[in-house]
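Structure first, then comments.
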Protein chains: 2
Amino acid sequence: MRLLYVEDNERLAQNTSASLKSNGFTVDCVHTGEDALHAAQSFDYDAIILDLGLPDVEGISVLKSVKEAKPDVPFIICTARDALEDRIAGLDAGSDDYVVKPFHVSELIARVRAVLRRPGGALGVMLVAGNITLNTAERTVMVGDEPARLSRRELDLLDLFMRRKGRILSKDVIENALYGFDEPPTPNAIEVATHRLRKKLQDLNATAAIHTLRGIGYFLEDHDT
Amino acid sequence: MRLLYVEDNERLAQNTSASLKSNGFTVDCVHTGEDALHAAQSFDYDAIILDLGLPDVEGISVLKSVKEAKPDVPFIICTARDALEDRIAGLDAGSDDYVVKPFHVSELIARVRAVLRRPGGALGVMLVAGNITLNTAERTVMVGDEPARLSRRELDLLDLFMRRKGRILSKDVIENALYGFDEPPTPNAIEVATHRLRKKLQDLNATAAIHTLRGIGYFLEDHDT
DNA sequence: GCGAACCTTACATTTGCCTTACAGGGTCCG
DNA sequence: CGGACCCTGTAAGGCAAATGTAAGGTTCGC
């Protein structure tokens, strides 16, 4: 689950993004509207958290620009209590929800989850591949009828593979999905991560496996459909 | 047990919420209809206490809005003695009970407990996990046939775990369930609380234990069902 | 068979949780 | 009013799982 968090107040940004990260999200944090546009173009975020009152570009215009290119990305707007018109404008412009500043991080997290749970959203779906099932809401995995004990990375990786079941994922794609751009790993990190995931799945006799395409990427086999 | 208390008179609010807290409830106190709507959206309260005669939004409309989104949240309305029609209107709109102002705090508490004890309510249930039984009405815990002496926090925590037996609870979920939003603890507080609870359960040879999932949360093991 | 890409293992770091000790505040007595 | 408790959050240190890094082995394609 990768989020873009647009907030000009650096300290607030630091704190909040740390909390989001510790809740299992991958977070890219930017401080200007321009950076936000840039980032939103470069990656497919699962949701974008946007603070209104940015210094350079009017916040709402960021929202509009991004929505034009990617209409399906859910937005959550953060706004001051008294800026009621802004809120309305935000919802008109296609924001999916908003939180009123000052807000609790837990509230923000709840809203993000709620937005992701909506129809077409990323959460609340049951992913299936062979005898593997991944409950994206609870973040639990079953292989056959045994629960799988996966670490955070392993689960994120499996989540990614199952969402793109049967399709080929290059290392770059995987890297972008799992790591924020302030934490670039060596290419090997992904190899090791997939190795660990494969091992756990194998040990549980999973009937779907991750295959390698030399020089191209990986894919999760898909004999159902 | 987390309550939302909507009352515009600040002094009264202060006193009453203090009493509620000292009776084992976690209380969020707000003074306007807007805040009430906001809070009710953000968290799952076990019950909402609503004073009619709020300054900004008509009280009943708060009730209606919340009930629309969350039909199961019980409401208790506080109203002046002479506002009989309001009472009727309140009950029509889906309030579950009311108290007449001025009221004794003990009466309010009794009503809250009564509402929570109703079918589908939070109280009056017997929770079981292994040889642990929690009487939610009396707030007592037995392990095997030994009574467990738990503090308020420990009991609330165990209550939470037993209601969500087998499911994973992140620290945030726990924090939201146990702490009002004007008393945010450090993450460590929850670690310490679970540690204390675990120790007591262990000392009493409980057959169900709380397990840790690193970076994800905790869960109460569940071999019955 | 050669090299590149990947797998695998071992190692080091980081992170998150456990644990203990301590301090403030509340409560129940004398 | 004061002291002895208990409850509970904070702080700090240690430990172990998680995860990235590095290094060598293996496999595949050419």
Side-chain angles (χ1 to χ4, degrees), chain A residues 17-27 139 141 148-158 160 168-175 177-203 209-219, chain B residues 18-26 139 141 148-158 160 168-175 177-203 209-219:
Chain A
S17 77
S19 299
L20 287 167
K21 281 178 186 173
S22 77
N23 271 272
F25 295 104
T26 302
V27 183
R139 292 176 68 81
V141 176
R149 290 198 28 159
L150 301 185
S151 75
R152 245 199 56 186
R153 275 261 181 273
E154 288 157 5
L155 198 145
D156 282 344
L157 189 56
L158 181 60
L160 179 65
I168 298 165
L169 301 175
S170 72
K171 278 191 194 165
D172 281 323
V173 170
I174 296 173
E175 180 180 328
L178 296 189
Y179 299 83
F181 52 37
D182 54 345
E183 42 189 359
T186 58
N188 189 347
I190 290 165
E191 295 170 16
V192 174
T194 60
H195 173 245
R196 285 172 181 148
L197 175 58
R198 272 172 166 161
K199 190 159 190 325
K200 286 199 182 174
L201 293 178
Q202 206 169 0
D203 290 352
I210 297 164
H211 295 267
T212 305
L213 292 175
R214 235 186 145 67
I216 303 176
Y218 301 87
F219 72 100
Chain B
S19 299
L20 287 167
K21 280 178 186 173
S22 73
N23 271 272
F25 295 103
T26 301
R139 292 177 65 80
V141 176
R149 289 191 24 132
L150 300 185
S151 73
R152 170 164 133 49
R153 273 265 179 271
E154 288 157 5
L155 199 143
D156 281 345
L157 190 56
L158 182 60
L160 179 65
I168 298 166
L169 301 176
S170 71
K171 278 191 192 163
D172 282 291
V173 170
I174 296 173
E175 179 181 327
L178 297 190
Y179 299 83
F181 51 39
D182 54 344
E183 43 189 0
T186 58
N188 190 344
I190 290 164
E191 295 169 17
V192 175
T194 60
H195 174 244
R196 285 172 180 148
L197 175 57
R198 270 173 168 161
K199 191 159 190 326
K200 287 198 182 174
L201 293 178
Q202 205 169 1
D203 290 352
I210 297 164
H211 294 266
T212 305
L213 295 174
R214 235 155 225 273
I216 302 176
Y218 300 87
F219 72 99

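So that the names make sense, note that chain A is the first sequence line, chain B the second, and so on, each numbered from 1.
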Ignoring hydrogens and angles, answer whether the base of D:dG9 and the side-chain atoms of B:Arg196 contain a donor-acceptor pair closer than 3.5 Å.
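Result: at least one qualifying N/O pair found.
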Quick check on DNA chain C: between B:Gly215 and B:Lys199, whose nearest nucleotide comes earlier from the 5' end?
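It is B:Gly215 whose nearest nucleotide is closer to the 5' end.
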Please work out if B:Lys171 contacts a base, only the sugar-phosphate, or nothing of the nucleic acid, heavy-atom cut-off 4.0 Å.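 Sugar-phosphate only.
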How do B:Pro185 and A:Leu150 order along DNA chain D: which one's closest nucleotide is nearer the 5' end?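 Residue closer to the 5' terminus by nearest nucleotide: B:Pro185.
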- prompt: Of the non-hydrogen atoms in A:Ile168 and A:Ile216, which two are nearest, and what is the gap between them?
  reply: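 Here A:Ile168 and A:Ile216 meet closest at CG2-CG2, 3.8 Å.
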Side-chain N or O of [X] closer than 4.0 Å to phosphate OP1/OP2 of [N]:
X        : N      : value
A:Thr212 : C:dC7  : yes
A:Arg152 : D:dA17 : no
B:Tyr218 : C:dC18 : yes
A:Tyr179 : D:dT19 : no
A:Thr186 : D:dT21 : yes

Distance check needed: [N] [atom2] versus [X] [atom1], whole Å only.
X        : N      : atom1 : atom2 : value
A:Glu154 : D:dA17 : CD    : P     : 14 Å
A:Ile168 : C:dC6  : CD1   : P     : 13 Å
A:Arg153 : D:dT21 : CZ    : P     : 10 Å
A:His195 : D:dA18 : NE2   : C1'   : 15 Å
B:Ile190 : D:dG9  : CD1   : C1'   : 11 Å
B:Leu178 : D:dC7  : CG    : P     : 17 Å
A:Arg198 : C:dT9  : CZ    : P     : 13 Å
A:His211 : C:dC6  : NE2   : C1'   : 16 Å

* Heavy-atom distance under 4.5 Å between the side chains of A:Thr194 and A:Thr212, does that happen here? ->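 SC-SC contact between A:Thr194 and A:Thr212 ruled out.
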Checklist entry - Does B:Arg196 use its side chain to pair, donor to acceptor, with the backbone of B:Glu154 at less than 3.5 Å? => result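 No; judged by distance alone, with no hydrogens or angles, the pair does not exist.
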Item to check | Within 6.0 Å of CD in A:Gln202, more than 12 heavy atoms from elsewhere | outcome: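 Count not over threshold, so no.
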Reference residue B:Leu157; test side-chain contact (heavy atoms from CB on, under 4.5 Å); the match among B:Leu150, B:Leu178, B:Leu169, B:Ile210: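 Considering B:Leu150, B:Leu178, B:Leu169, B:Ile210, a side-chain contact (heavy atoms from CB on, under 4.5 Å) with B:Leu157 is found only for B:Leu178.
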TODO: Measure from the side chain of B:Arg214, starting at C-beta and using heavy atoms only, and say which of D:dT21, D:dA16, D:dA11 lies closest.
DONE: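 Nearest listed nucleotide: D:dA16.
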